[in-house]
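Let me begin by presenting the structure, written as C-alpha coordinates, before commenting on it.
Everything quoted here is computed from the prediction, not taken from an experiment.
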Amino acid sequence: MARIWAKVILYGSGFYPKIQAEENIIPNKSYMFIANHTSMVDIMLMLVTVKNPFVFVGKKELVKIPLFGFFYKRAVIMVDRDSVKSRQQVYERAQKRINQKLSICIFPEGKVPDDESILLDEFKTGAFNLAVDHHLPIVPMIFPDNKKRFSYTFFSGSPGKLRVKILRFMDTSNKVHHDRKNIRDEAREIMYKELVQFETEK
(Lines give C-alpha, C1' and ligand atoms only; values in the text may rest on other atoms or scores of the structure.)
Protein backbone atom coordinates (compact mmCIF):
# COMPACT_ATOMS: atom_id res chain seq x y z
CA MET A 1 0.00 0.00 0.00
CA ALA A 2 2.80 2.40 0.90
CA ARG A 3 4.68 1.59 -2.31
CA ILE A 4 1.61 2.31 -4.43
CA TRP A 5 1.09 5.58 -2.57
CA ALA A 6 4.74 6.53 -3.11
CA LYS A 7 4.53 5.91 -6.86
CA VAL A 8 1.30 7.86 -7.19
CA ILE A 9 2.77 10.85 -5.34
CA LEU A 10 6.08 10.84 -7.22
CA TYR A 11 4.77 10.37 -10.73
CA GLY A 12 1.69 12.51 -10.05
CA SER A 13 3.99 15.35 -8.98
CA GLY A 14 6.00 15.10 -12.18
CA PHE A 15 8.99 13.29 -10.68
CA TYR A 16 10.49 10.23 -12.33
CA PRO A 17 13.18 8.09 -10.68
CA LYS A 18 16.31 7.09 -12.53
CA ILE A 19 18.15 4.32 -10.68
CA GLN A 20 21.78 3.32 -11.18
CA ALA A 21 23.28 0.43 -9.19
CA GLU A 22 26.91 -0.56 -8.71
CA GLU A 23 25.67 -3.77 -7.06
CA ASN A 24 22.33 -5.54 -7.22
CA ILE A 25 20.05 -6.01 -4.22
CA ILE A 26 19.22 -9.70 -3.74
CA PRO A 27 15.50 -10.40 -3.23
CA ASN A 28 14.46 -11.75 0.20
CA LYS A 29 17.79 -10.81 1.78
CA SER A 30 18.06 -8.43 4.74
CA TYR A 31 20.08 -5.22 4.44
CA MET A 32 20.68 -1.92 6.16
CA PHE A 33 19.76 0.78 3.65
CA ILE A 34 21.16 4.27 4.25
CA ALA A 35 20.85 7.47 2.21
CA ASN A 36 21.38 11.21 2.47
CA HIS A 37 18.36 13.13 3.80
CA THR A 38 17.34 16.38 2.11
CA SER A 39 13.62 16.16 1.38
CA MET A 40 10.27 14.63 2.32
CA VAL A 41 10.51 12.90 -1.07
CA ASP A 42 13.38 10.77 0.29
CA ILE A 43 10.94 8.37 1.94
CA MET A 44 8.84 7.92 -1.18
CA LEU A 45 11.88 7.51 -3.40
CA MET A 46 13.26 4.82 -1.11
CA LEU A 47 9.94 2.94 -1.25
CA VAL A 48 10.02 3.04 -5.05
CA THR A 49 13.70 2.06 -5.30
CA VAL A 50 13.87 -0.85 -2.85
CA LYS A 51 11.69 -3.88 -3.58
CA ASN A 52 12.75 -5.94 -0.55
CA PRO A 53 10.42 -5.70 2.47
CA PHE A 54 11.84 -3.12 4.88
CA VAL A 55 10.90 -0.67 7.60
CA PHE A 56 12.14 2.84 8.22
CA VAL A 57 13.41 4.20 11.50
CA GLY A 58 12.27 7.82 11.58
CA LYS A 59 11.22 10.70 13.78
CA LYS A 60 7.70 10.59 15.18
CA GLU A 61 6.92 14.26 14.39
CA LEU A 62 6.23 13.46 10.72
CA VAL A 63 3.17 11.40 11.63
CA LYS A 64 1.29 14.69 12.15
CA ILE A 65 1.45 15.62 8.44
CA PRO A 66 -1.97 15.08 6.80
CA LEU A 67 -2.22 12.00 4.55
CA PHE A 68 1.57 11.56 4.56
CA GLY A 69 1.38 10.66 8.27
CA PHE A 70 -1.22 7.96 7.61
CA PHE A 71 1.19 5.97 5.43
CA TYR A 72 4.28 7.02 7.35
CA LYS A 73 3.23 5.43 10.64
CA ARG A 74 2.50 2.14 8.84
CA ALA A 75 5.99 1.86 7.38
CA VAL A 76 8.10 3.36 10.16
CA ILE A 77 9.49 2.50 13.58
CA MET A 78 9.06 5.93 15.15
CA VAL A 79 11.58 7.46 17.51
CA ASP A 80 11.56 10.48 19.80
CA ARG A 81 15.16 11.59 19.39
CA ASP A 82 15.03 13.58 22.65
CA SER A 83 14.16 10.47 24.69
CA VAL A 84 16.81 7.92 25.66
CA LYS A 85 14.06 5.42 26.48
CA SER A 86 12.49 5.87 23.04
CA ARG A 87 15.83 5.29 21.32
CA GLN A 88 16.34 2.08 23.30
CA GLN A 89 12.86 0.85 22.39
CA VAL A 90 13.49 1.59 18.73
CA TYR A 91 16.65 -0.52 18.83
CA GLU A 92 14.69 -3.43 20.34
CA ARG A 93 11.87 -3.10 17.78
CA ALA A 94 14.34 -2.94 14.92
CA GLN A 95 16.02 -6.10 16.20
CA LYS A 96 12.67 -7.91 16.12
CA ARG A 97 12.13 -6.82 12.51
CA ILE A 98 15.58 -8.03 11.53
CA ASN A 99 14.84 -11.38 13.19
CA GLN A 100 11.73 -11.53 10.98
CA LYS A 101 14.08 -11.27 7.94
CA LEU A 102 13.10 -7.68 7.12
CA SER A 103 15.54 -4.96 6.10
CA ILE A 104 15.94 -1.63 7.85
CA CYS A 105 16.26 1.84 6.34
CA ILE A 106 17.76 4.71 8.32
CA PHE A 107 18.80 8.20 7.19
CA PRO A 108 21.98 8.37 9.31
CA GLU A 109 22.16 12.17 9.39
CA GLY A 110 19.17 11.93 11.72
CA LYS A 111 17.48 15.00 10.27
CA VAL A 112 17.57 17.31 7.29
CA PRO A 113 20.52 19.70 7.82
CA ASP A 114 19.40 23.20 8.86
CA ASP A 115 22.18 24.86 6.90
CA GLU A 116 21.45 24.73 3.17
CA SER A 117 25.20 24.73 2.45
CA ILE A 118 25.71 21.33 4.14
CA LEU A 119 25.97 18.64 1.47
CA LEU A 120 26.05 15.74 3.93
CA ASP A 121 25.79 16.18 7.69
CA GLU A 122 27.57 14.09 10.32
CA PHE A 123 26.22 10.55 10.78
CA LYS A 124 24.67 9.08 13.93
CA THR A 125 25.79 5.57 14.92
CA GLY A 126 22.38 3.87 15.23
CA ALA A 127 22.25 2.35 11.74
CA PHE A 128 25.78 1.04 12.06
CA ASN A 129 25.20 -0.44 15.52
CA LEU A 130 22.33 -2.51 14.13
CA ALA A 131 24.16 -3.46 10.95
CA VAL A 132 27.27 -4.66 12.76
CA ASP A 133 25.44 -6.42 15.60
CA HIS A 134 23.26 -8.34 13.10
CA HIS A 135 25.88 -8.61 10.32
CA LEU A 136 23.64 -6.87 7.82
CA PRO A 137 25.27 -5.69 4.59
CA ILE A 138 25.10 -1.88 4.48
CA VAL A 139 23.73 -0.45 1.23
CA PRO A 140 24.79 3.21 0.83
CA MET A 141 22.57 5.19 -1.54
CA ILE A 142 22.58 8.80 -2.65
CA PHE A 143 19.70 11.01 -3.75
CA PRO A 144 21.44 13.96 -5.46
CA ASP A 145 18.33 15.69 -6.86
CA ASN A 146 15.76 15.60 -4.05
CA LYS A 147 16.68 18.91 -2.42
CA LYS A 148 16.54 20.71 -5.76
CA ARG A 149 13.26 19.06 -6.79
CA PHE A 150 11.35 19.22 -3.50
CA SER A 151 13.10 20.86 -0.57
CA TYR A 152 11.64 21.82 2.80
CA THR A 153 11.54 25.43 1.60
CA PHE A 154 8.05 26.45 0.52
CA PHE A 155 7.41 27.45 -3.11
CA SER A 156 10.67 25.95 -4.33
CA GLY A 157 11.55 23.03 -6.58
CA SER A 158 10.36 21.73 -9.92
CA PRO A 159 9.25 18.50 -11.62
CA GLY A 160 11.91 16.34 -13.21
CA LYS A 161 14.36 13.50 -12.77
CA LEU A 162 15.18 12.04 -9.34
CA ARG A 163 18.45 10.17 -9.65
CA VAL A 164 19.33 7.34 -7.30
CA LYS A 165 22.74 5.75 -7.11
CA ILE A 166 23.12 2.51 -5.17
CA LEU A 167 26.77 2.23 -4.18
CA ARG A 168 28.88 -0.83 -3.46
CA PHE A 169 27.65 -2.69 -0.40
CA MET A 170 29.67 -2.67 2.81
CA ASP A 171 30.27 -6.11 4.30
CA THR A 172 29.82 -6.41 8.07
CA SER A 173 30.10 -10.20 8.39
CA ASN A 174 33.49 -10.04 10.10
CA LYS A 175 32.92 -6.82 12.02
CA VAL A 176 32.37 -6.40 15.76
CA HIS A 177 30.65 -3.68 17.78
CA HIS A 178 33.95 -1.87 18.26
CA ASP A 179 34.15 -1.32 14.48
CA ARG A 180 30.87 0.57 14.17
CA LYS A 181 32.31 4.11 14.24
CA ASN A 182 34.95 3.30 11.63
CA ILE A 183 32.26 1.85 9.37
CA ARG A 184 30.09 4.92 9.96
CA ASP A 185 32.91 7.23 8.94
CA GLU A 186 33.78 5.12 5.91
CA ALA A 187 30.15 5.11 4.74
CA ARG A 188 29.89 8.87 5.09
CA GLU A 189 33.13 9.43 3.16
CA ILE A 190 31.98 7.19 0.30
CA MET A 191 28.60 8.93 0.05
CA TYR A 192 30.10 12.40 0.38
CA LYS A 193 32.53 11.83 -2.50
CA GLU A 194 29.70 10.60 -4.73
CA LEU A 195 27.54 13.61 -3.89
CA VAL A 196 30.43 15.95 -4.65
CA GLN A 197 30.84 14.21 -8.01
CA PHE A 198 27.16 14.80 -8.83
CA GLU A 199 27.51 18.45 -7.79
CA THR A 200 30.42 18.97 -10.20
CA GLU A 201 28.39 17.43 -13.04
CA LYS A 202 25.59 20.01 -12.75
Side-chain angles (χ1 to χ4, degrees), residues 19-38 42-43 45-47 49-60 75-113 118-144 146 163-198:
I19 302 168
Q20 175 188 356
E22 293 184 344
E23 189 169 346
N24 293 323
I25 297 168
I26 299 171
N28 303 315
K29 183 178 175 64
S30 296
Y31 295 93
M32 173 61 70
F33 297 104
I34 61 173
N36 58 307
H37 197 20
T38 59
D42 299 342
I43 292 170
L45 189 57
M46 185 68 75
L47 284 165
T49 301
V50 176
K51 304 298 187 276
N52 292 27
F54 72 93
V55 292
F56 289 101
V57 173
K59 56 186 180 181
K60 69 175 187 177
V76 176
I77 298 173
M78 288 179 284
V79 58
D80 179 354
R81 300 190 187 278
D82 296 326
S83 167
V84 174
K85 183 178 179 181
S86 176
R87 293 198 299 270
Q88 291 173 340
Q89 290 174 338
V90 164
Y91 195 85
E92 293 168 2
R93 290 175 65 191
Q95 286 179 314
K96 289 180 181 178
R97 297 291 188 164
I98 293 167
N99 292 336
Q100 294 170 351
K101 307 302 182 184
L102 295 180
S103 296
I104 304 291
C105 173
I106 297 179
F107 297 108
E109 292 167 279
K111 62 178 182 178
V112 175
I118 296 176
L119 187 61
L120 188 67
D121 212 342
E122 297 300 319
F123 282 3
K124 311 295 184 186
T125 57
F128 307 95
N129 291 344
L130 282 167
V132 170
D133 290 349
H134 293 273
H135 301 299
L136 296 178
I138 298 171
V139 182
M141 304 166 66
I142 58 169
F143 302 154
N146 290 12
R163 291 171 295 178
V164 178
K165 187 169 183 181
I166 302 172
L167 308 177
R168 289 282 175 188
F169 303 169
M170 300 177 67
D171 182 27
T172 63
S173 58
N174 295 317
K175 303 298 182 181
V176 295
H177 195 71
H178 180 73
D179 297 318
R180 68 195 189 284
K181 291 185 178 179
N182 289 336
I183 295 173
R184 176 199 64 188
D185 295 342
E186 182 183 349
R188 185 183 180 279
E189 183 65 18
I190 290 169
M191 291 168 64
Y192 181 79
K193 286 181 178 178
E194 288 288 338
L195 285 168
V196 169
Q197 182 64 32
F198 274 98

What I'd like to find out is whether the side chain of [X] reaches to under 4.5 Å of the side chain of [Y], using heavy atoms alone.
X: S30; Y: H134; value: no
X: L130; Y: L136; value: no
X: K51; Y: I25; value: no
X: V139; Y: V50; value: no

Worksheet entry | Nearest heavy atoms of A21 and N24, plus distance in Å |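 That closest heavy-atom pairing would be CB-OD1, 4.4 Å.
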Fill in: Exercise: identify the closest heavy-atom pair between I34 and P108
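Between these two residues, the closest heavy atoms are CB-CD, 3.8 Å.
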Residues forming a side chain to side chain contact (heavy atoms under 4.5 Å, CB included) with [X], sequence neighbours excluded:
X: K181; answer: T125, R184
X: D185; answer: none
X: T49; answer: I19, L45, M141, V164, I166
X: Q20; answer: K165

At what distance, to the nearest 0.5 angstrom, does [atom1] of [X] lie from [atom2] of [Y]?
X: L195; Y: L119; atom1: CG; atom2: CG; answer: 5.0 Å
X: K193; Y: L167; atom1: NZ; atom2: CG; answer: 12.5 Å
X: I183; Y: D171; atom1: CD1; atom2: CG; answer: 9.0 Å
X: T172; Y: D133; atom1: OG1; atom2: CG; answer: 9.5 Å
X: N129; Y: Q95; atom1: CG; atom2: CD; answer: 10.0 Å

Practice prompt. Measure the acute angle between the ring planes of F107 and F56, then classify it against the limits of 30° and 60° as parallel, tilted or perpendicular.
Written response: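 Parallel, since the angle between the ring planes stays under 30°.
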Discussion item. Please evaluate residues V55 and R93 with respect to the criterion side-chain contact (heavy atoms from CB on, under 4.5 Å), reporting the C-alpha separation (whole Å), side-chain torsions for both, the decisive distance (0.1 Å), and the verdict.
Written reply: CA-CA 11 Å; V55 292; R93 290 175 65 191; over 6 Å; no
Item to complete: May I ask you to check whether over 12 heavy atoms, not counting those of N99, lie within 6.0 Å of atom CG?
Response: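 Yes - once you tally the heavy atoms of other residues, nucleotides and ligands closer than 6.0 Å, there are more than 12.
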Worksheet item: In terms of heavy-atom contacts, does NE2 of H177 have more than 12 from other residues, nucleotides or ligands at under 6.0 Å?
Response: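 Yes - once you tally the heavy atoms of other residues, nucleotides and ligands closer than 6.0 Å, there are more than 12.
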Indicate yes or no for a side-chain donor-acceptor contact from [X] to the backbone of [Y] under 3.5 Å, with no hydrogens or angles considered.
X: N52; Y: I26; answer: yes
X: S173; Y: H135; answer: no
X: S103; Y: M32; answer: no
X: E23; Y: R168; answer: no

Practice prompt. Could I get the full list of ring-ring contact (aromatic ring centres under 6.0 Å, His included) partners for F169, not counting sequence neighbours?
Written response: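 F169 satisfies ring-ring contact (aromatic ring centres under 6.0 Å, His included) with Y31 once adjacent residues are dropped.
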Fill in: Member of T38, N36, D42 meeting the side-chain hydrogen bond (donor to acceptor under 3.5 Å, both in side chains) criterion with N146
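Running side-chain hydrogen bond (donor to acceptor under 3.5 Å, both in side chains) over T38, N36, D42 with N146 returns exactly one hit, D42.
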Practice prompt. Check step by step if side-chain contact (heavy atoms from CB on, under 4.5 Å) holds for I138 and F128.
Written response: CA-CA 8 Å; I138 298 171; F128 307 95; 3.8 Å; yes
Fill in: Qualifying residues under salt bridge (charged side-chain N to carboxylate O under 4.0 Å, His left out), relative to E109, sequence neighbours excluded
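E109: no salt bridge (charged side-chain N to carboxylate O under 4.0 Å, His left out) contacts found.
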